[in-house]
Amino acid sequence: MAPRASSWLSVAGSGDVLAGTVASRLATTRDAVRAAHEGLWLHGAAAQLAGPALTSGDLAHAIGPALQEALA
């Protein structure tokens with residue numbers, strides 16, 4: 001289960017980043033439910049890393065560091 005998402009994610013393009021993240025996880029895991037859970041979690045974690053004044057570009061760039069942090 002993903003933690004409650006930040007209101008910071010209410011920016012234009014945030015849903016596109018989420019969709020891309022889930023698609024990427026689906027290509028990696030080949031399990032739709034797992035990909036959805038991991039993508040949702042990464043989306044929220046990336047928002048926390050990007051900060052309150054994020055753009056969708058900032059959010060997309062924070063996905064990698066969020067994944068690295070989760071794997072550490």
Side-chain angles (χ1 to χ4, degrees):
M1 177 76 59
R4 185 175 175 152
S6 171
S7 63
W8 302 342
L9 290 169
S10 60
V11 299
S14 175
D16 295 327
V17 174
L18 174 59
T21 302
V22 171
S24 173
R25 298 311 303 154
L26 181 58
T28 302
T29 66
R30 297 179 184 247
D31 179 327
V33 173
R34 180 177 173 189
H37 287 164
E38 290 179 0
L40 181 62
W41 187 90
L42 284 168
H43 193 244
Q48 294 298 317
L49 291 175
L54 64 85
T55 65
S56 59
D58 298 332
L59 184 61
H61 288 291
I63 295 289
L67 180 58
Q68 290 300 319
E69 196 172 282
L71 297 174

S.K.: Minimum heavy-atom separation for Ala46 to Ile63, with atom names?
M.R.: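 So the minimum-distance heavy-atom pair works out to CB-CD1, 3.6 Å.
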S.K.: How long is the span from the CG atom in Leu9 to the CG atom in Leu54, to the nearest 0.5 Å?
M.R.: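 Reported value, rounded in 0.5 Å steps: 6.5 Å.
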S.K.: Which heavy-atom pair separates Gln48 from Ser6 by the least distance, and what is that distance?
M.R.: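 Taking every non-hydrogen atom into account, NE2-CB, 3.6 Å.
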S.K.: Which is it for Val33 and Glu38 under the side chain to side chain contact (heavy atoms under 4.5 Å, CB included) test, yes or no, and what are the steps along the way?
M.R.: CA-CA 9 Å; Val33 173; Glu38 290 179 0; over 6 Å; no
S.K.: What heavy-atom pair brings Ala45 and Ala66 nearest, and what distance separates the two atoms?
M.R.: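 For Ala45 versus Ala66, the nearest heavy atoms are CB-CB, 4.0 Å.
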S.K.: Is there a path of hydrophobic side-chain contacts, each under 4.5 Å between heavy atoms, that joins Val17 and Val22?
M.R.: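 No: no chain of side-chain contacts under 4.5 Å links Val17 to Val22.
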S.K.: So, for Leu49 and Ala62, which heavy atoms are closest and what is the spacing to 0.1 Å?
M.R.: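 Minimum heavy-atom separation between Leu49 and Ala62: CD1-O, 4.0 Å.
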S.K.: Looking at Ser14 and Ser10, would you say the former's side chain and the latter's main chain have a donor-acceptor pair under 3.5 Å?
M.R.: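 Not a single qualifying donor-acceptor pair exists.
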S.K.: What residues, two or more places apart in sequence or in another chain, satisfy side-chain hydrogen bond (donor to acceptor under 3.5 Å, both in side chains) together with Thr55?
M.R.: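 Result, side-chain hydrogen bond (donor to acceptor under 3.5 Å, both in side chains) vs Thr55: Asp58.
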S.K.: Check whether Val11 and Trp8 end up in the same hydrophobic cluster, where Ile, Leu, Val, Met, Phe, Trp and Tyr are linked by side-chain heavy atoms less than 4.5 Å apart.
M.R.: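 Yes, because Val11 and Trp8 connect within a single hydrophobic cluster, where side-chain heavy atoms sit under 4.5 Å apart.
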S.K.: For Ser56, give me all partners under side-chain hydrogen bond (donor to acceptor under 3.5 Å, both in side chains), at least two apart in sequence or on another chain.
M.R.: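 By the side-chain hydrogen bond (donor to acceptor under 3.5 Å, both in side chains) rule, Ser56 matches no residue at all.
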S.K.: Do His43 and Leu59 come close enough that some side-chain heavy atom pair is under 4.5 Å?
M.R.: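 A side-chain contact exists here, since the closest heavy-atom pair is under 4.5 Å.
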S.K.: Under a 3.5 Å distance rule, please check whether Ser24 uses its side chain to pair with a backbone N or O of Gly20 as donor and acceptor.
M.R.: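 Not confirmed, Ser24 side chain does not pair with Gly20 backbone.
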